[in-house]
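Everything on this sheet refers to the single structure shown next.
All values below were derived from every heavy atom in this structure, side-chain atoms included, with hydrogens, water molecules and symmetry-related copies excluded. Counting begins at 1 with the first residue of the sequence.
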Amino acid sequence: MTPKIIQEKSAKEATRRRGRPVVFDRAKALNKAMKLFWERGYEGTSFDELLSAMGISASSFCNSFGSKEALYCEATRTFVESSGQWFFAILNDPSTDTRTAFARLFEATAEEFTRGDHPPGCMISLAGTHCSPGMSNIRDMMAEHRAFSEAAMAERMRKGIADGDMPKDTDCDMLAAYYSAVARGLAVQARDGASREKLSEIGRLAMRAWPRRAGRQGSGRDRRR
């Protein structure tokens, strides 16, 4: 083989190598981006910080995720799918009554918001509340996610009324709004460094607002709750 042929072959191999996309674990990169957005918010996270955290190049980022906004939307969906597993499993557990489901939900919330393997609090509660006017679509998307979980709470309460374990005159929408507000407050408390025990106690206090069924107001069982 002549030197010229060797040089031409080497040049072709180099061209092929440059044209190959960088192989990386997309799911892991997405998870790292989610945690960064969770911790710093959309506008508080720069493109360079994303590349560094995800361990990929700008070209790989564009080829795999498209844009920062598209990545944020995907990261948010990933968070919602993950948190939705425990949220809906507890909320809709057929083996518990409605009050028990909400009490357990607050206990699980205190645990999830203070785990050490991700930023404290809740991405949906914290990451998209402050956006510039040009990013109103991000703010609106996060508001829709919050509204969805609140609506799920109200729906569970309406089922409780149908099942006979809640008073028929319960204002489900308002009570769900209250418990949703408590949950969002727990996210802020967790971000500020509150302990799991403190969050659990706040949840137990919130459960004192649970409406009692007629004829049970003075029972010892209710007083212990």
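- With sequence neighbours left out, Phe65 forms a ring-ring contact (aromatic ring centres under 6.0 Å, His included) with Phe61.
- In this structure, the side chain of Glu49 engages the main chain of Ser46 through a donor-acceptor pair within 3.5 Å.
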Met123 and His118: CA distance, side-chain angles, deciding distance, side-chain contact (heavy atoms from CB on, under 4.5 Å) verdict:
CA-CA 10 Å; Met123 181 181 179; His118 58 57; over 6 Å; no
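- When the side chains of ILVMFWY residues are joined at heavy-atom separations under 4.5 Å, either directly or via intervening members, Trp38 and Val188 end up in two distinct hydrophobic clusters.
- Side-chain contact between Phe79 and Cys122 is present, with heavy atoms from C-beta onward closer than 4.5 Å.
- Using a 4.5 Å cut-off on side-chain heavy atoms (C-beta onward), Tyr42 and Glu69 make contact.
- Minimum interatomic distance between Ser195 and Thr114 (heavy atoms only, all atoms of both residues): C-CG2, 4.3 Å.
- Nearest approach of Ala127 to Met142, heavy atoms of both residues: CB-CE, 4.3 Å.
- The two atoms that bring Met166 and Met157 nearest to each other are SD-O, 3.6 Å, heavy atoms only.
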Arg146/Ser180 under side-chain contact (heavy atoms from CB on, under 4.5 Å): CA gap, chis, key distance, verdict:
CA-CA 8 Å; Arg146 290 190 289 270; Ser180 179; 5.7 Å; no
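- Between Ala33 and Leu71, the shortest heavy-atom contact is CB-CD2, 3.9 Å.
- Here Leu91 contributes atom CG and Glu155 contributes atom CD; the two are 10.0 Å apart, rounded to the nearest 0.5 Å.
- Crowding of Phe148 atom CZ: a count of heavy atoms from other residues, nucleotides or ligands under 6.0 Å not exceeding 12.
- Looking only at side-chain heavy atoms (C-beta outward), Ile161 and Pro167 stay at 4.5 Å or farther from each other.
- Connection of Met207 to Leu205 is not established within any shared hydrophobic cluster, with ILVMFWY side chains joined at heavy-atom distances below 4.5 Å, either directly or through further cluster members.
- Without hydrogens or angle criteria, Asn63 side chain to Ser59 main chain gives a donor-acceptor distance under 3.5 Å.
- Atom-to-atom distance recorded for Tyr179:OH and Leu186:CG is 12.0 Å, nearest 0.5 angstrom.
- Minimum heavy-atom separation, Gly121 to Ala190: N-CB, 3.7 Å.
- Connection of Phe87 to Ile202 is established within a shared hydrophobic cluster, with ILVMFWY side chains joined at heavy-atom distances below 4.5 Å, either directly or through further cluster members.
- Residues Ser149 and Arg184 have side chains in contact (heavy-atom distance under 4.5 Å, counting atoms from C-beta outward).
- Side-chain atoms of Leu51 and Ile56, non-hydrogen and from C-beta on, do get closer than 4.5 Å to each other.
- Counting all heavy atoms, side chain and backbone alike, Arg156 lies closest to Thr96 at NH2-O, 3.3 Å.
- In this structure, Arg158 pairs ionically with Asp173, as a charged nitrogen and a carboxylate oxygen lie closer than 4.0 Å.
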Test side-chain contact (heavy atoms from CB on, under 4.5 Å) applied to Thr98 and Asp163, step by step:
CA-CA 9 Å; Thr98 310; Asp163 291 343; 5.6 Å; no
Chi angles and distances behind the side-chain contact (heavy atoms from CB on, under 4.5 Å) call for Val80, Arg77:
CA-CA 5 Å; Val80 170; Arg77 288 194 298 271; 5.6 Å; no
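- Of the inter-residue distances, the one linking Lys35 atom NZ with Asp117 atom CG reads 5.5 Å to the nearest 0.5 angstrom.
- Taking a cutoff of 4.0 Å between a charged side-chain nitrogen and a carboxylate oxygen, Asp97 and Arg99 do not qualify as a salt bridge.
- Of the inter-residue distances, the one linking Met54 atom CE with Lys32 atom NZ reads 9.5 Å to the nearest 0.5 angstrom.
- Here the CD-CZ distance, from Glu201 to Arg196, works out to 15.5 Å after rounding to the nearest 0.5 Å.
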Donor-acceptor pairs under 3.5 angstrom involving side-chain atoms of residues 101-109: please list them, not counting sequence neighbours.
{"residue": "Glu107", "atom": "OE1", "partner": "Ser200", "partner atom": "OG", "Å": "3.4"}
{"residue": "Glu107", "atom": "OE2", "partner": "Arg204", "partner atom": "NH1", "Å": "3.0"}
{"residue": "Thr109", "atom": "OG1", "partner": "Leu105", "partner atom": "O", "Å": "2.7"}

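- Within the 4.5 Å cutoff, no side-chain heavy atoms of Met34 are placed close to those of Tyr72.
- No continuous path of ILVMFWY side-chain contacts below 4.5 Å connects Leu126 to Leu199, so the two sit in separate hydrophobic clusters.
- Here the straight-line distance linking atom CZ of Arg26 with atom CD of Glu74 works out to 4.0 Å at 0.5 Å rounding.
- In the displayed structure, Lys68 atom NZ is contacted under 6.0 Å by more than 12 heavy atoms of other residues, nucleotides or ligands.
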